[in-house]
S.K.: 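Following this message is one structure expressed as structure tokens.
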Amino acid sequence: MPDRSMPENASTILTRLREGKVRFVRVVWCDNGNVIRGKAIHIDALTRQLEGGETVAVGLSAAQQAIPVVADAVAPGSGLGPVGEVWLVPDWKTLQMLPYAPGQARALGEMVKDGQPWPWCSRQFLKRMVQRAGDRGLTIKAAFEPEFYLLKQRDQDIFPADNMPFAASLAMDLHQEVVMAIADALSAQGMAVEQYYPESGPGQQEISVRYTDALAAADQQVVYRETVKAIAHQHGLVASFVPKLFESCAGSGCHLHLSLWEGEQNLMPDGAGGLSETARSFTAGLLHHLPALMAITTPSPNSYRRLQPHSWSGAYAAWGMDNREAALRVPSNFSLPSPTHLELKTVDGAANPYLALGGAIAAGLDGIAQGYSLPEPVQQDPGSLSEEERGDRGIALLPQSLAESLAALETNSLLLDALGEPLAKTYLAVRRAELAAMADMTLEAEVELLRDRY
Ligand SMILES: NC(=O)CC[C@H](N)C(=O)O
């Protein structure tokens, strides 16, 4: 985001807020139920605090990090309870005027307790993983690629806002106003919008944004979800990132694009049409840890309705060049001989982007540390191979339920250690609570519950 260079200086902040005629600044975070939440501070209180030289902070119940998406009650076994306060401190470098909410601004918050980073804070978890890469001399660049549906609501009925197929230009005309408003609002908040097309589901959209540094990429995913939902609402529509809304229509992924850098040099290409050794080990680390990582990147019971073979969502533990059925796709380039990044498909918009990206970094770095080697690329649809061929080539079906990926995460010491005991314990408890509460839900009931939250 462009404001990252803004000095964290009280008078600069106040000047910007006054120029923007801001009355409320929302301090926003994404919790372990992957709901984006905010608490807003009035400009008068903020002015008092900033002019008095105080650090601006909003109090929050610690247990708020233990609330599953399904209920307003603390998940059992989370390690957090009704006693305990943490402080949400705005990162002023992320301050943005809200293009869709005049008079309001937003800064992303971090959780602090006793003047120290609070171990449950997901944004600080990602910072630790970025630092872990930095300790190896590596910088991670990333982009989330969210898909979402535009829906219309009539009384209790919710249905797709159009009936058009992939890239239908008529769908562009049908949604001209809302899409332009979304794209302009993303640009106004510092995102580099890259491409737009109607995706293959009826009413499904994809507006992609350019890669950036890891922390900014996760911040952008929060801002993206917020912006798309708010603007759709202003146009009388509901936008939803729920991974699977309709049984017979395409699911919505949020593929994660990753590249490794050393300074200004992209370390991904080998210059001879393939991936460098470092990139291969990083990819192998992702493949190795993927079943467990999916409890973070595809975290909802609903996520697994999307992850089916033949749906381009990456149901198999495989990698391939330009292979849209492999969980790890290495995309080719128009103008360069070698690939410049990789794409992880088993990610969706129900994920907390800080946890998802931080987990992916931890997994990939472990591949480098252990010197994992990458199997042969899979250049067919793995779902079309026989069981025997898949077995011979070591292509496993990835977890088909949250219960499976959670079981994998619970025994994955690399990811649990990376999260740290407090956050891991709470995260697992929240996922377990969601799994239990949604175990017998129909798709319709899931959608009713999740549609507005994701
Ligand atoms: N074009 C695509 O890659 C489609 C992706 C697919 N909708 C998914 O669920 O991941």
Side-chain angles (χ1 to χ4, degrees), residues 34 142-151 160-169 171-172 194-209 211 221 224-225 228 239-258 286 290 293-294 296-332 339 341-351 353 356-357 360 378-383 397-402 405 443 446-447 450-451 454:
N34 306 320
F144 288 89
E145 182 202 322
E147 297 172 323
F148 61 93
Y149 271 75
L150 288 176
L151 305 165
D162 67 53
N163 193 19
M164 301 306 294
F166 175 76
S169 54
M172 294 187 176
E194 292 228 302
Q195 284 194 23
Y196 151 59
Y197 45 87
E199 253 298 348
S200 60
Q204 195 181 26
Q205 314 293 320
E206 179 170 320
I207 302 170
S208 57
V209 295
Y211 69 84
Q221 170 64 4
Y224 191 108
R225 275 170 65 185
V228 167
S240 184
F241 297 86
V242 166
K244 193 75 171 178
L245 284 169
F246 306 104
E247 193 64 59
S248 57
C249 303
S252 291
C254 184
H255 305 167
L256 176 57
H257 297 260
L258 289 164
L286 277 168
L290 197 48
L293 181 63
M294 284 169 63
I296 303 174
T297 56
T298 49
S300 170
N302 177 276
S303 300
Y304 296 82
R305 296 184 188 270
R306 164 184 164 251
L307 293 169
Q308 299 302 321
H310 310 302
S311 65
W312 293 13
S313 58
Y316 288 96
W319 78 282
M321 301 291 300
D322 289 327
N323 188 343
R324 285 191 160 75
E325 276 295 321
L328 283 151
R329 174 173 75 116
V330 179
S332 56
H341 76 279
L342 58 93
E343 175 192 53
L344 176 61
K345 285 181 164 286
T346 50
V347 184
D348 64 43
L357 182 47
V378 174
Q379 295 304 127
Q380 300 91 6
D381 177 354
L397 192 58
L398 286 164
Q400 289 287 287
S401 66
L402 179 59
S405 61
L443 173 59
E446 281 175 19
V447 168
L450 301 176
R451 188 179 55 228
Y454 299 146

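In this chain, residues are counted from 1 in sequence order. Every number for a ligand or one of its atoms is a count from 1 in the order of the listing. Please read these numbers as outputs of a predicted model, since none were measured by experiment.
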S.K.: Can you tell if the side chain of Glu446 reaches within under 4.5 Å of the side chain of Arg305, non-hydrogen atoms only?
M.R.: yes
S.K.: From atom 1 (N) of ligand 1, work out which of Glu343, Glu199, Arg329, Glu145 has a heavy atom at the shortest distance.
M.R.: Glu199
S.K.: Tell me whether Ser311 has any N or O atom under 3.5 angstrom from an N or O of ligand 1.
M.R.: no
S.K.: Taking atom types as modelled and ignoring hydrogens, do the side chains of Asp348 and Thr298 form a donor-acceptor contact shorter than 3.5 angstrom?
M.R.: no
S.K.: Whether the Gln400 and Tyr304 side chains hold a donor-acceptor pair (N or O, under 3.5 Å, no angle test) is what I'd like checked.
M.R.: no
S.K.: Please report which non-hydrogen protein atom sits nearest to atom 4 (C) of ligand 1, along with the residue it belongs to and the distance in Å to one decimal place.
M.R.: Glu147 OE2, 3.5 Å
S.K.: Does the side chain of Tyr454 pick up a donor-acceptor pair with the side chain of Ser300 at under 3.5 Å?
M.R.: no
S.K.: Which residue owns the protein heavy atom closest to atom 9 (O) of ligand 1, what's the atom, and how far is it?
M.R.: Arg306 NE, 2.7 Å
S.K.: With under 30° as parallel and over 60° as perpendicular, where do the rings of His257 and His341 fit, or are they tilted in between?
M.R.: tilted
S.K.: Short N/O distance, under 3.5 Å, between Gly251 and ligand 1?
M.R.: yes
S.K.: Would you mind listing which atoms of ligand 1 come within a distance below 4.0 Å of any non-hydrogen atom of Lys345?
M.R.: 3 (O)
S.K.: Please state whether Glu206 comes within less than 4.0 angstrom of ligand 1, counting heavy atoms only.
M.R.: no
S.K.: Need the ligand 1 atom indices (1-based, order shown) with element for anything under 4.0 Å from a heavy-atom of His255.
M.R.: 3 (O), 5 (C), 8 (C), 10 (O)
S.K.: Could you point out which residue of Thr346, Leu256, Leu258 forms a side chain to side chain contact (heavy atoms under 4.5 Å, CB included) with Leu286?
M.R.: Leu258
S.K.: Do you see a donor-acceptor pair shorter than 3.5 Å between the side chains of Gln204 and Ser252?
M.R.: yes
S.K.: Phe241 vs Phe148 aromatic rings, parallel, tilted or perpendicular, using cut-offs 30° and 60°?
M.R.: tilted
S.K.: Below 3.5 Å, N or O to N or O, backbone or side chain included: is there any such pair between Ser313 and ligand 1?
M.R.: no
S.K.: Going by distance only, is there an N or O of Arg324 that falls short of 3.5 Å from an N or O of ligand 1?
M.R.: no
S.K.: Check this for me - ligand 1, Gln204, N or O atoms closer than 3.5 angstrom, yes or no?
M.R.: no
